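Computed from a prediction, not measured in an experiment: that's the story for all the values here. Proteins come first, then strands; the chains are lettered A, B, ... in the order of their sequence lines, and each starts at number 1.
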Amino acid sequence: MSNALAMALPRVEDQDLIDRIIGDQAGRPGALLGILEKLQDANRHKYLPMESLEYVALRTGVPQSQVYGVATFYALFNLDPQGTHTVAICRGTACHTRGSRALLERVKLQLGLEESGTADKLTLTTPDRKFTVRTVACFGQCALAPVVEIDHAIRGHVKEQALIREVDLLRKEAAR
Amino acid sequence: MDKVKIGTCWLDGCSGCHMSLLDVDESIVTILRKADIVYGPLVDAQEWPEGTDVAIIEGAVSSQDDRELVQTARARSKYLIALGDCAVTGNVPSMRNGIAVRKLLERVYVEGADVSAGIPTDGVPPLLRQAEPLRQTVKVDLHVPGCPPRPNAILMVLSELLEGREPDLGSKLRFG
Amino acid sequence: MVEKVKVRIDGEVIAATAGQTILEVARANSKYIPALCYMEGLSATGACRLCVVEVSGVARLVPACTTPVAEGQSVVTSTPQIESYRKIALELLFAERNHVCAVCVSSGHCELQALAQEHGVTHVRYPYSCPRLPVDTTHPRYVLDHNRCILCGRCVRTCAEIEGAHVWDVAGRGIGSHLVSELQRPWGEATTCTSCGKCVQACPTGAMAEKGWAVEEMTKHKTVVSRLTSMREGS
Amino acid sequence: MTTKTTPKPQAEASAARKLTIHPVSRIEGHAKITIRLDEQGQVADTQFHVTQVRGFEKFVEGRPYYEMPSITARICGICPVSHLLASSKACDSIMAVRIPPAAAKARELLHMAQFVQSHALSFFHLSAPDLLLGMDYDPAKRNVAGLLEEHPDALRDGIALRKFGQTLIERLGKERIHPSWTVPGGVNNPIDPSVRDKTLAELPSAVAIVERTLAMWKAAVEGFPAEVESFSNFPTMYCGNVGPDGSLRLYDGNLRFVGPDGAIVADQVAATDYATYVAEATLPHSYLKAPYFRPVGFPGGVYRVGPLARLNVADRTGTPLADAELAEYRQRYGRIVQSGFHYHYARLIEALHGLERIGELLDDPEILGTRVRAHAGVNNNEGIGVIEAPRGTLIHHYKVDDNGAMTWANLIVATGHNNLAIGRGVEQVAKRFVHGSKIEEGALNRVSALVRAYDPCLSCSTHVLGQAAVVLQLEGPDGEILDEIGTV
């Protein structure tokens, strides 16, 4: 056990961070959610590395499988590094009928993202970690369909050309 | 009284259900006295005849030929039986369903060939994306599960139908 | 202080102890209610919905495994409506994954297969989703075939509550839910697994099996969990 | 619901034509035959299409190897036992075990029961209508129902013989079809003495059926000179398993290849060396691949398997009654029998041999031995199992990872080996019987009967993914379809 643990430990400074976060939350029921949220927030690539999850399990005494279950249940948590910019495309009913699927395909093409997701949640990140494209079940802004969220700002009535321009702009910005 | 007209065929299956039908042994003689087999692997009819009373179909719907044959059988028969797990659930043939047809064919005919590799297309029907139970293509009047259904179950079904009664399978049969 | 209550199950008046569930009382009195996710000796989760029953004064069907008995309660365990719901639940379990009973290690000894037969499920009325799922063969003694998992959680609870290792849990959600060992590690690399095999014995289908047994050969020792629980209570 | 009917364009005066037989009836699976006629109405060329493919080699990847016997049994419901056994042998080799002697005998007993039932099915249920009622008999009655009217005794014999085999399979493995008794490492239960006693009591009447049928066949075959002359009557190589002494071996043994003249080309080829001699080609018109003799190359390396080939390859059968029949057979047709029509005769001799082996195995006290299974994990990452299925040599070849998950599989089935020979045979028989613009039903039936003589198991053949019925299509030189008999 000790051997496997040694291999999987996060870096010392991350351990300190996790210890601090856990300390803050200690004793609260349902503390795990808050711990994971803070941990992801503190991560440069906005995700939960496996080593961190394992360390959280060790420190909190929550079984690893349960930590993993919580981290994968909520769409909020990412298990893979996220891009600098996030494009979230809604695939709720209203957006779907207004062509959100075409928007998704167009952006994937633009960013050279090929694989297609089959599960209910799709998240794709470019190899250079500049962009993450994901789908969202519904933003609750159906009147504005199709809706796309770019870096946490909601855009309504999105047209293909406008979306391409915007992503292009971010790409050039990122390149500088 | 006119003899009951029975047509049988197998689609994507192993013929085991037809063999189980023959496993009624001497009782096949009794069946032959009350029914005419108007289509099937045991007779020479080249076309599924109009006015068939009972169609007994084994196997999943897996190729364009399968689909056309089962549709013809349905259109020309009063009562259609899905015989055995492949026809009822997709069973073993459906184990290919998660795999792209092209990958499957390439594995067999390109990787698996020492000379003249290539996917056959001349005079052979295209494969459907998935091997599916009959009820996803046509209306099925009776499902007889089992791999294969036991001979006495098949005999019971046929005897009831030949007597003009609807067979009641109750809890007699199971998948597998 | 043990409080006694009187309930009526399928017309028969039965004395029970407050806190017992309808399922426990029914089974203790030889009344049959089917169930898949329930297992004697484990906590109840009400996940499979096969044990739904009618309770007087309650408009909807309730799961017998998580509903406590109450004084004056009248329970009906089987009606055409209940049976039709049970059938739907079973069919949906089949439609979700690739059970292929014919070539399953548990065929002939499978609770799902037997319940389907018992309820006259001759076919599934929903399209099969046919997901492509892996088989975890990494453990030296056991195998996990996700194709045959119904997410009943009996392995999860057995491992957590009886063995105390909590190797297993359910990850993801909705149609993407799946059984996971530790942090999605291959079973054979799970450091907390004691290889006790109780999860395998608790599994109602062929999802978990001992390695090396061919098709139809995997029979399970279902009472291992309840025996352990009662022995511990007795000590 | 709409029904698609096959279009039947009318023949124009000049053109040559294509004829399609679809389905090829009374065979175990789905095939289609295309015959192209030239402008004089003579057969220009033919194609034998197997029209289904199922993908076993691909979808078994990732499954634990010990599930393979039962999964591959679902390739074929006529000879599931062949697949169970070839697969079990491949698994034995992955486990690196030598199975207990009682288990080996038990498996062979199961295999012989299958030979008897499968040969009975091929001869009586599928081919006897041609042989007893005649190739030109009313097609509506040229089947088991017609046999019931005209030759009820023969039909009853067929049913009884098949039942004998199926009953023995059921007694041994609990199920007649897809028994799960045979497992990696042996079998999962010893044989109960009552099985032996009941079977031995029934054996003489089964032997009597085959002897009666052989006598009938020897008289009947005289009535088919044109068929004997034209049913794949050409030189090929032959392949089958033989023992160290050159005698017929159906469960074990090593491969022997002989040339058209009977000269041994390769002998005592172990299962592990099959690929030195057997390679596979894809045919653009069929879902069934075409194996060929690798040292000769494609498409020249045509060899045949199955009853006719086995009796050509083996020096003797090794059982007295069958050896006596074999001597007479060779006296009639020579040491190497070439016409595909004689597959029927060879099949009957093998059925007799199978029954004799059942008697021998049941008389062996070891058959009731209770040590019948070896247990082991993965000790080889590769395993090959070879067996003689009723239709010919069957090869299962697996690769697994260290955990026992399948990473690769190749299955070469009996009908595959015969694919090239059937294709050439179709051409020969079509050239002999099909002439002119109008296709006679009897001609069509002879083309189908040639296919039937090989007893092709197209369920097996199409494990890769396909299906065969026979459509006979008459096609002009420019490809238009002039006449078509059969349905899709």
Ion pair B:Asp25/D:Arg176, N-O distance below 4.0 Å: yes
Charged N to carboxylate O under 4.0 angstrom, D:Lys58 versus B:Glu106? no
Write out, in numerical order, the residues from residues 167-176 of chain B with a heavy atom short of 4.5 Å from a heavy atom in chain D. none
Side chain, backbone, both or neither: which part of B:Cys147 has a heavy atom under 4.5 Å from chain D? both
Taking side chain as everything from C-beta outward and backbone as N, CA, C, O, which of these in B:Ile28 sits under 4.5 Å from a heavy atom of chain D? Side chain, backbone, both or neither. side chain
Counting heavy-atom pairs under 4.5 Å with chain D, the top scorer among B:Ala117, B:Ser20, B:Gly112 is B:Gly112
Using heavy-atom distances under 4.5 Å, tell me whether D:Glu149 contacts chain B through its side chain, its backbone, both, or neither. neither
Could you list the residues that satisfy side-chain contact (heavy atoms from CB on, under 4.5 Å) with D:Ala140, not counting sequence neighbours? D:Asp138
Tell me, for D:Ala275 versus chain B, whether the close heavy atoms (under 4.5 Å) come from the side chain, the backbone, both or neither. neither
According to ring pair (Phe, Tyr, Trp, His ring centres under 6.0 Å), who are the partners of D:Phe124, at least two apart in sequence or on a separate chain? none
Any side-chain heavy-atom pair from D:Ile159 and B:Val29 closer than 4.5 angstrom? yes
Can you sort out the partners of B:Asp53 under side-chain contact (heavy atoms from CB on, under 4.5 Å), two or more places apart, ordered by chain and number? B:Val4, B:Lys5, B:Lys78
